[in-house]
Structure formats: C-alpha cells, structure tokens
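Values reported hereafter were calculated over all heavy atoms of this structure, with side chains retained and with hydrogens, waters and symmetry mates removed. So you know, we letter chains A, B, ... as the sequences are listed, proteins then strands, and number each from 1.
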Amino acid sequence: MYKYDAIDQKIINERVAQYRDQTRRFLAGELTEDEFRPLRLQNGLYIQRHAPMLRIAVPYGMLSSRQLRKLGDIAKKYDKGYGHFSTRQNLQLNWPKLEDTPDILAELATVEMHAIQTSGNCIRNITTDQFAGIAPDEIIDPRTMAEILRQWSTFHPEFALLPRKFKIAVSGTKQDRAIVQAHDIGLEFYVDAQGKMAIKVWVGGGLGRTPILGSVIREHLEWQHALTYCEAIIRVYNLHGRRDNMYKARIKILVKALGIDEFRKQVETEWAHLKDAPNTITETELARVGKHFAAMPYETLPSHDASYDAAIASNAAFAKWVKRCVHPHKQAGYRAVTLSLKPHGKAPGDATSEQMWAVADMADAYSFGELRVSHEQNLILADVKLSDLFPLWEKARTAGLATPNIGLLTDIICCPGGDFCSLANAKSIPIAEAIQTRFDNLDYLYDIGDIELNISGCMNACGHHHVGHIGILGVDKDGSEWYQVTIGGKQGNDASIGTVIGPSFSAEEMPVVVQKLIEVYIQQRTPEERFIDTVRRLGIAPFKANVYAKEEVSA
Amino acid sequence: MSNLIKLDQGIASVVADEWTLVQLPVSQIEERKQAGKVVLFKLTGEETVTDEQIANTAIPADGKVILPLRVFVARRAEFASRIAQGEIGVWLATHELLEDLAQHQINLNQLPIIGIFVERFADGRIFSLGTLLRTRYGFKNELRAFGDVLRDQLFFLKRSGFNSFAIRADRSAEDAIASLNDFSVPYQGAVDEPRPVFKRYNRGA
C-alpha cells in the first residue's frame, strides 16, 4: 500500500498544527460556533447527539496492521474502546472529547493517517472495491489512481468550499463493487482498443434525499487527463451548483436541471482550457505511485491444499464459513477473507479495540500486514494462503469475527442512526439487531441466500438503503420514528434504485415485515433466482400484498 | 486602522487601503442571488440589480474607486477618462459572471484592481472566480477578496490567485497573516504554483 514520503508527512503534520490552532481559537472564543463548523467538519468532527463524532479517513479502504493497532489504541484511550466502520470505508469514533481531537489527529499522523475532508462540503474520501489488486475479474488496479486523486483532492484550493459534499469512487473490475453509478463522479477504468488504460466517466449519481444513478459524461478519457477532467466537472459545479438549499445542492441536481447533454457541453468547454495543463498526470508519477501497489511477494503454490480440503470435509462450521467469507483470488493458492463485523445482535460495522488488535495480528501473521475496510462495513484480509485459512478461522472465531453471514440477510449495511447521529430521524442499529435476532438461524439464512439489506436512519442515506435489495429508511412522523421499506434496489453494473412498497411501519413491525418479504420470495422463486431476481421478475405487487395483508400487520 | 493584507513578491503585510469601495444602494426588491442560481440567470437573463439602483449609486468625483460590476457596465461613459488614469476598479459578487465584465472591458489589465465580494465564508465560488481571472482572462493586477473574509480562507485564496485580502472588520489582519502559510508544500498545481508536487520534486521512481 502507499507509504508516505517526507512531503506527505509534512502536509499531515502541518494539518495537525493548523487544526490545533483552530480548536484553540474556538475554545478561546475567537471563533464562533458557526465559524468553527466548516473548519472542524473538514477534519471529520461532527457535534453529535451525545458527544462529538470523529470520522477518520481510511483512503480507499486500505489499512496496515500498524495503523489498525493505532486505531485500536486511540479508541481505547480517547473513546469507549470501540469504533464504527462506515459505508465510506472510514472509521468513526462516537465519544471523543472536542478538546482531545487535536491530540487524536497528532497520534494518527504518526501512522500516516488523518481525518482530512472526511466531512464538510469538499471532495471526500475516495472509495473503491475492497478486492482491488487481487480480484480475478480485475482489469486495472484502481488504487494507484485513487492515491493520485487523493493527493490532488487534498486541500485543492479551488474546491475547498463546494456547494455540498462531493464523493468520488473508482473501479477497475468487470463487476462493479464500488457503486460508481451512485457517486458524484465515478471513474470506471478499462483497457481501450489501443491497449491503454482509459476511463469511462460517470457523473451526477448519488443517494440521499433524491436518489439518482449517474450518467456517462465521457465514454473514453485517457488516464493522463483524470485530474484536469475532474477539475472541469467540479469547476462547473462549484460555480453553478445551487447554494440556496442544501437539499438541492448536490451535483446530481445540477446535472438533472441542465440535462446531461448541456452539462457535458459546459464541462467540455471548460476542459478545452484545462486539457494538458500542469496537473496532467505523468508516466513517472503513475509508475512511482504504482510501485506501492505492486503485487505482494506471493509464494508459488498449487491451486489446491490438502490440509485445507481436509478441514472443509471434516468441519462443517469451517466449511460454512469458507462458503460465505472466503473469496477467490487471482493468485493460485491464495484467497481473500472477509472478517464479519455483523455478529447477530450487535451494531453492524462496530469493532472493539481488542478486535482491532486481533485483526492487526491476523494481518501480520497471514496477509502481509495489510487489510481493507469494505463499504459493506466488514474487514478484509486480502492475501491469505489456503493452508492458513483454518488457523485464521480459529483465531477469527475466538475474536468474534467469523460469523459466516457475508452476503446473507444478516450482513446488514447500517448507519449509526438515531442512537448517535444528530441528523437521523430514527434509530437504525436496533432495527438491524432485531432483524438479525429474528433470523438467527444459519440454515434458514443459507436457504434465503444472497441478499442485501440496507438501513439508513434518515434520507441522507449513509446506509445506502436505495440500493439495498431490501432498503429500510427511518422517517419522522409527528415526532415518532417510522420505517419506510423499499425493494428492488441493487448495486453493481446493473444498479437500480429500490421502489417504496407502501406506508411505513413501526420499529416493532420491522422484523415481521422483512419476514413477509422473504416468504414471498421463498414461495415464488425459481431454483436459480436470488431475492433481487424474483423482485425484478414479479415487481413489487405480490410482496406488497403479503406485507400489508390485513390480519398480519396493521400499520 | 486598515484591515487589509497585501501580498507583494510573496511578502504579506498589513497596508493602508488607497481604494474607496462603492456599494449599490439597498434595493427594495427581494434579491434572488441565493435562491436562484447563475445557470438560471443565464437562461432567463434575469438581473439581480435594478436600473434604479444603478442610477442612484453615488460615485465619488475623484480618487480611486472600486465600482460594482453593473454600475461599471451601465455608466462607463461617465468615467471613461478615469479608467484611462487608473482610478477605476471593479468588484463582482460571487454569483455574477466574469463574461459580463470581459465583454465590456476587453483589456482587463486596464483595471488596477478587481474585487470579489464573498457574502458568506462557505461560498467557495470565489476560488473559481479568482482562478479564472488569473488563468483564463490573464488578469495581472491586484485581486482582492472582501466581505466575509477570515484567516482560514487565506491559504486557499492565495492559491486561487488573490493577492489582496480585506479581513472582516471585527477580526485582526495581523493575526490572520500567519494562515497564508498554513501549508508549505501543496500537492496540486493551482494559480500561485501551477506545477503539482510530482513536477516540482523528484519523489523517487
């Protein structure tokens, strides 16, 4: 993964000094609350329901064991001994003290970490596929360009105060796992007819209050121009995006208002001036950054391992875990492993300090000292030898990280919700826990099969509910908490936005509602169909009918 | 006491202000500059300043003055000779269009100063406007930010081509100067240093 040089370190250290002084001025009364807000937000600090929340950047989800150990230490020293991994592959601390945040940032800087631009109206953390670099269907490892984009976007002076937050995702695989179509800018890397790296550029996607899938603004962009083309897009947005109404301020609203053709015309006009400007990426820079993402020093291994095969044959629990939590790898004899942060009845995405330390040890022992955070809020060890999978599983199980539910109904994607977040209309974690408890039967979960369930506590959609096969959205009705249900959303190349099935439900009804939706699927499915396929084939009507059948649920 | 910071050859200092800023008289008509957006103005041709306001703007008879864009455009004939003498500057609000200025003032460098008024700290349009004035329109003279200008914008303003900063009256310009140098090695190219870090340093192969 990328390692800082003296320049990167200097920038991070100067940021700590700047933020320390901003916090000092605020505490001394030299900055008002309103004036301090945009400054603290650009360092990831929210003022929340119970305490500040600090969002720490995990650039494109990559972490070293050393960094994760430090995160565990920080959670122990400055928080309540746990952290929450978010859908933007970041880590959130829910209970730090405002006065401590400069010290936390200083500690992070010692392990090449920061909280820069993890919130606020600026370019946010760039996200990508958690299997980048090792996925068998990968065409281009997007991490090199993600790092080049990270550096370019860090304190970009022209885009320091945009109309609204701005999210970029990069992907280089056949099957999109980075939801590029649901981002302000999505960069899809591919190899063009000349055999060169090129980019298909998506713009204007986003979830939130107005879910919209992005449009293609350019089918083919040479990689050298990635930065200048993004500058052209963001300049048009910065100048013309709405600033009067925060709910209409995202770039997707501007793209819709102008139409993609007019928007494209304005961007291309701007880009005609920016093309080949100094921010054009050089071969040298691509090679320099690319070196940090070179393949790991893999051993040459056969594609089978006798001890591994024997363990699967003799240990049903291990076999189950392998089925759900072990993923293919492009290197023979290696696999990627998902450590589930979704044990039944616990807050999805939460990890204790002890778990972070344990994962750091596992990464050192089995996966070259590196790991990734997925946008599904789990942790990934990307490079594990077949012969190490069994001992790894035993350690993961001891640490409570081996729930074999990845991709199943209880692998719920969930925002912190009303328990923590001051934006939320409703709680989300207790809903997730209630659903996990109701479906706490692995055989039944396996029978239901692949399904994605996403929960957001408000229309800001941090839980990505619009693209969940089942999406649950917390809404406020006359001061009480209700839940609106959508079905048919999907991430990936054939992404879609879910459809609302009808009037919303109370918290107590939610596990039953999910149960009713699943029942229809079980009754109606063809042998090869996943839940999403059945919804797409039948539409929402039969699901709606079963959920709202009178005697069962009264809303 | 002046609250104006100027950058000269990379050296920042608090200096006296030789310019008088001319404001439009307050309008009775509700302004739509926040509610609408420039794109809408472009499409509808809607004006944000009334003819009455333009006519009623009092312009000091002598000395150096910075005029609102609409007054500058509408009443040019009145002060053509003063433009030639370098006594006239122009200021724009962040929702106004640089095209409007460039269309009526072909040689921008005849203006000793252009000001951009930023009403709220969070309005980052000012950074694109500065960048465009320097890189697209080739403006070389004093470029001033005024309005809700506080020290934590200064680094970004400097990088966007501004060399003159009128700090909000209730804050100290002397204190603010330090923030012009919050960061010593920027990553990306911008107006003040067009080359990105990877073209300035050999960061290894």
Side-chain angles (χ1 to χ4, degrees), chain A residues 5-8 10-11 14-15 17-18 21-22 25 30-31 34-35 37-39 120-122 148 150-163 227 231 234-236 238-245 254 257-258 262 266 273-274 277-282 284-285 287-289 291, chain B residues 32-40 42-43 94-95 97 120-132 135-136 148 150-153 155-161 171-172 175 178-179 181-199 201-205:
Chain A
D5 66 4
I7 292 172
D8 299 302
K10 188 176 180 115
I11 290 171
E14 287 175 347
R15 176 58 150 196
Q18 182 197 39
D21 187 58
Q22 289 167 343
R25 282 186 271 142
E30 295 170 32
L31 284 171
D34 279 352
E35 288 164 0
R37 184 182 306 114
L39 307 178
N121 296 334
C122 51
I148 290 171
R150 180 192 74 80
Q151 298 192 13
W152 160 82
S153 64
T154 300
F155 313 135
H156 195 301
E158 192 180 340
F159 308 133
L161 295 165
L162 295 170
L227 305 183
E231 282 177 341
I234 304 174
R235 179 176 292 170
V236 170
N238 189 39
L239 284 169
H240 303 314
R242 289 184 64 166
R243 288 173 183 268
D244 59 311
N245 179 341
L254 179 66
L258 291 176
E262 171 61 22
Q266 294 192 15
H273 296 281
L274 287 169
N279 281 338
T280 304
I281 305 163
T282 58
T284 314
E285 178 65 355
R288 179 188 79 87
V289 178
K291 266 194 168 174
Chain B
R32 280 200 51 209
K33 61 179 181 252
Q34 293 300 331
K37 56 184 192 285
V38 175
V39 182
L40 269 183
K42 253 184 181 169
L43 295 175
T94 49
H95 65 280
L97 299 178
R120 291 177 306 126
F121 180 95
D123 185 352
R125 288 177 289 194
I126 190 169
F127 306 125
S128 286
L129 293 172
T131 300
L132 285 169
T135 59
R136 187 78 36 86
D148 199 16
L150 303 174
R151 67 181 279 178
D152 293 293
Q153 285 139 305
F155 177 75
F156 298 129
L157 286 168
K158 178 184 80 165
R159 295 222 67 211
S160 302
R171 294 300 153 88
S172 157
D175 288 351
S179 285
N181 297 307
D182 275 348
F183 299 97
S184 50
V185 193
Y187 275 126
Q188 62 298 99
V191 177
D192 64 334
E193 170 50 85
R195 294 169 304 159
V197 67
F198 57 84
K199 288 182 181 166
Y201 296 91
N202 179 357
R203 301 185 78 183

So, do [X] and [Y] sit near enough that their side-chain heavy atoms are less than 4.5 Å apart?
X         : Y         : answer
Arg235(A) : Leu132(B) : yes
Phe121(B) : Leu39(A)  : yes
Arg171(B) : Leu31(A)  : yes

Residue [X] versus chain A: region with a heavy atom under 4.5 Å:
X         : answer
Val191(B) : neither
Ser184(B) : both
Thr131(B) : side chain

Distance (rounded to the nearest 0.5 Å) between [X] [atom1] and [Y] [atom2]:
X         : Y         : atom1 : atom2 : result
His156(A) : Tyr187(B) : NE2   : OH    : 14.0 Å
Leu97(B)  : His240(A) : CG    : NE2   : 7.0 Å
Thr94(B)  : Asn238(A) : OG1   : CG    : 10.0 Å
Tyr201(B) : Asp5(A)   : OH    : CG    : 10.5 Å
Ile126(B) : Leu161(A) : CD1   : CG    : 10.0 Å
Arg25(A)  : Leu150(B) : CZ    : CG    : 9.0 Å

Closest approach of [X] to [Y] (non-hydrogen atoms, all atoms of both residues):
X         : Y         : value
Asp152(B) : Gln22(A)  : OD1-NE2, 2.9 Å
Pro196(B) : Asn279(A) : CB-OD1, 3.5 Å
Val185(B) : Ile11(A)  : O-CD1, 3.1 Å
Gly124(B) : Arg243(A) : N-NH1, 3.2 Å

So that I can tick it off, tell me whether Glu30(A) and Arg151(B) are bridged by a salt bridge, with the cut-off set at under 4.0 angstrom between side-chain N and carboxylate O.
no

Are Arg203(B) and Asp8(A) ion-paired here, with the side-chain N under 4.0 Å from a carboxylate O?
yes

Can you tell me which of Arg195(B), Gln153(B), Arg136(B) forms the most heavy-atom pairs within a distance under 4.5 Å of chain A?
Arg136(B)

Chain A interface, residue from Phe183(B), Phe155(B), Phe127(B) that has the most non-hydrogen pairs under 4.5 Å
Phe183(B)

Pick from Gln18(A), Lys10(A), Glu231(A): which one has the most heavy-atom pairs with chain B under 4.5 Å?
Gln18(A)

Between Glu35(A), Arg37(A), Arg15(A), which shows the greatest number of heavy-atom pairs under 4.5 Å with chain B?
Glu35(A)

Looking at [Y], is its backbone amide N or carbonyl O close enough to the side chain of [X] to form a donor-acceptor pair, meaning the two atoms are under 3.5 Å apart?
X         : Y         : answer
Lys199(B) : Pro278(A) : yes
Glu158(A) : Ala190(B) : no
Gln188(B) : Ser153(A) : no

